Q: 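One structure is given below, represented as structure tokens, and several questions about it will come after.
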Protein chains: 2
Amino acid sequence: MIGKVKAATKTKLLDAALRIIREKGYTATTIDDICRMAGVTKGGFFHHFKSKEDLALEAANHFHQMASALFESAPHNELEDPLDRLLGYLDFRISILSSDLPHCTCLLGTMVQEVHDTHPAIRRACDQFITYHANQLARDIELARQRHKPDAEWSAESLGLHMQAVVQGALLLAKARQDHEVAAESFRQLRRYLELLFR
Amino acid sequence: MIGKVKAATKTKLLDAALRIIREKGYTATTIDDICRMAGVTKGGFFHHFKSKEDLALEAANHFHQMASALFESAPHNELEDPLDRLLGYLDFRISILSSDLPHCTCLLGTMVQEVHDTHPAIRRACDQFITYHANQLARDIELARQRHKPDAEWSAESLGLHMQAVVQGALLLAKARQDHEVAAESFRQLRRYLELLFR
DNA sequence: GAACCAAAACCGACCGGTTGGTATGTGTCA
DNA sequence: TGACACATACCAACCGGTCGGTTTTGGTTC
């Protein structure tokens, strides 16, 4: 009626998983870690997830939902010119970087790098969601191409994936250096690339 | 006299570590895994490394040595124009992608993403070696800048790091999709960026 | 080159703590 | 009262690391 008072236990577990896995990686994250942060016992955990891998799959989906909502509701999506939306996307990503690292990194990239060879199901899920996001970008890239550079020889899909690669790589470097600025700089380089491409 | 007949045990352990960590990640790799592949027992392992973290540090260094030697001896380094060397570097990276994934991915990026928050020493080592490699690129970038675009407003260091970000991100996407081609495409996008920048 | 020796290299059984997972209870609400 | 949501207690496997012992190696002396 007045709205959900207590956050569902499952959501608390998923939020905790999101946080801890991004901090420590998938394998190093223990179920007890997640339970502790969520204030739930192991029994509760296994009531909602049938295994750790199952949690990872649901966490990937949970992250995807949150990220999609965040980027779709971002202000730059209101812009009329698809190229402005793309540049605005990068500016938005740069602005997000000011929050703490474990909060602004990508769960999908973190997990898939670690388990791509050992957990096929997780790999597939991460691949699917990353591809989804790349395709979202590719949509605007194609529109911008038609408007500004109709005879360009590169494909929108390829550029969309490249943008995702830069995002993942930049966040990785930020972790390595413990400094957001290197990621911001990389996003600015990518921004310059787009400007050169569409000019 | 005729050359080393048997590879030193320590080298065998490091090679095994390189391989398995890149496949399964640092945490999921057990010391027994490495011993099995190297044909060494646990006692032998702990004779050479005082802990698993110690192994990681030495493995990072080992990888750095190998990668440095590989890229420094690559044919593109003979080219006279620094810009050609940079483009040649990317072509070389694309050509390397034809070998199997666990053999052409970067140990440093794989490890640091996973342990940046939990193993400061490993993080520092990976950061150091990645930065070294970025600086190697930055040297040629600066030379190319002076020759082709002396009034450019971007810094060589920033672009060197961006190139490393693309490399890391592209390899991550390749793992996610189990397909080298996406990495090759990303390298080609980066190549186009360089051409646009210096034109 | 044989005999010797100390140190380095290597072995493999073992240990304590951890981890993913299970079996079984208990409270609550329709 | 029965289905659901969660807690408690527990387990077997595993993992990093230790330890006492054996083999290999390389230098020295005669």
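By convention in this document, chain letters (A, B, ...) are assigned in the order of the sequence lines, proteins followed by strands, and residues within each chain are numbered from 1. Bear in mind that the values here come from a model prediction, so they are computed numbers and not experimental data.
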Q: Which pairs of donor and acceptor atoms, one on a side chain in residues 124-131 of chain B, lie under 3.5 Å apart (sequence neighbours left out)?
A:
| from | atom 1 | to | atom 2 | distance (Å) |
| --- | --- | --- | --- | --- |
| B:D127 | OD1 | B:T131 | OG1 | 3.1 |
| B:T131 | OG1 | A:R177 | NH2 | 2.8 |
| B:T131 | OG1 | B:D127 | O | 2.7 |

Q: Give me the distances for all protein-to-nucleotides 12-15 of chain D N/O pairs that come in under 3.5 Å?
A:
none

Q: Looking at residues at least two apart in the chain, or sitting in another chain, which of them share a salt bridge (charged side-chain N to carboxylate O under 4.0 Å, His left out) with B:E72?
A: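 Salt bridge (charged side-chain N to carboxylate O under 4.0 Å, His left out) list for B:E72, sorted by chain: empty.
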
Q: Which atoms of nucleotides 28-30 of chain C (N or O only) lie under 3.5 Å from a protein N or O atom, and what are those distances?
A:
none

Q: Is the cationic atom of B:K10 (NZ for Lys, CZ for Arg) positioned less than 6.0 Å from the six-membered ring centroid of B:F49 and within 45 degrees of its normal?
A: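 Ring-cation test returns yes.
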
Q: Rounded to whole angstroms, how far apart are CD1 on B:I21 and P on D:dG16?
A: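 Distance, rounded to whole Å: 11 Å.
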
Q: Please examine the side chains of A:D140 and A:Y89, heavy atoms only from C-beta on, and report whether any two atoms are closer than 4.5 Å.
A: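 No, side chains not in contact.
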
Q: Indicate the atoms forming the closest heavy-atom contact of A:R22 with A:T105, along with that distance.
A: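 Reported closest heavy-atom pair: NH1-O, 2.8 Å.
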
Q: Does a side-chain heavy-atom distance below 4.5 Å link B:Y26 with B:E53?
A: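 In short, these two side chains touch, coming nearer than 4.5 Å.
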
Q: From C:dG20, D:dG17, C:dC11, pick the nucleotide closest to the side chain of A:F46?
A: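 Selected nucleotide (nearest to the side chain): C:dG20.
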
Q: Which heavy atom of A:R145 sits nearest a heavy atom of A:A152, and at what distance?
A: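 Smallest heavy-atom distance, with atoms named: NH1-O, 3.1 Å.
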
Q: Can you tell me if B:H48 touches the phosphate of C:dA8, counting only side-chain N or O atoms and a distance under 4.0 Å to OP1 or OP2?
A: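 The answer is no; no side-chain N or O of B:H48 sits under 4.0 Å from OP1 or OP2.
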
Q: Please tell me if B:T9 has a side-chain N or O lying less than 4.0 Å from either OP1 or OP2 of C:dA9.
A: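 So the side chain of B:T9 is outside the cut-off, no N or O lying under 4.0 Å from OP1 or OP2 of C:dA9.
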
Q: Return the value, rounded to whole Å, for the distance between atom NZ of A:K24 and atom P of C:dT18.
A: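 Interatomic distance, NZ of A:K24 to P of C:dT18: 12 Å.
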
Q: Is it true that A:D15 and A:H62 share a donor-acceptor pair across their side chains at a distance under 3.5 Å?
A: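 Checked: A:H62/A:D15 side chains pair up, N/O donor to acceptor below 3.5 Å.
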
Q: Is there a residue in residues 110-125 of chain A whose heavy atoms reach under 4.0 Å of DNA chain C, and which residues are they?
A: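 Within this stretch, nothing sits under 4.0 Å of the strand.
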
Q: What heavy-atom pair brings B:A59 and B:L107 nearest, and what distance separates the two atoms?
A: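 Where B:A59 meets B:L107 most closely, the heavy atoms are O-CD2, 3.6 Å.
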
Q: Under the salt bridge (charged side-chain N to carboxylate O under 4.0 Å, His left out) rule, collect the residues that match up with A:E78, sequence neighbours excluded.
A: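 Partners of A:E78 under the salt bridge (charged side-chain N to carboxylate O under 4.0 Å, His left out) test: none.
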
Q: Give the rounded distance in Å between these two atoms: OH of B:Y26 and P of D:dG16.
A: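 The answer, rounded to whole Å, is 8 Å.
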
Q: Rounding to a whole Å, what distance do you find between B:R36:CZ and C:dC11:P?
A: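 Going from CZ in B:R36 over to P in C:dC11 covers 15 Å.
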
Q: In this structure, which one of A:E157, A:E142, A:M163 forms a side chain to side chain contact (heavy atoms under 4.5 Å, CB included) with A:L137?
A: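 Going through the options one by one, the only one that passes is A:M163.
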
Q: Between C:dA9 and B:H47, is there an OP1 or OP2 to side-chain N/O distance shorter than 4.0 Å?
A: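 The answer is yes; a side-chain N or O of B:H47 sits under 4.0 Å from OP1 or OP2.
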
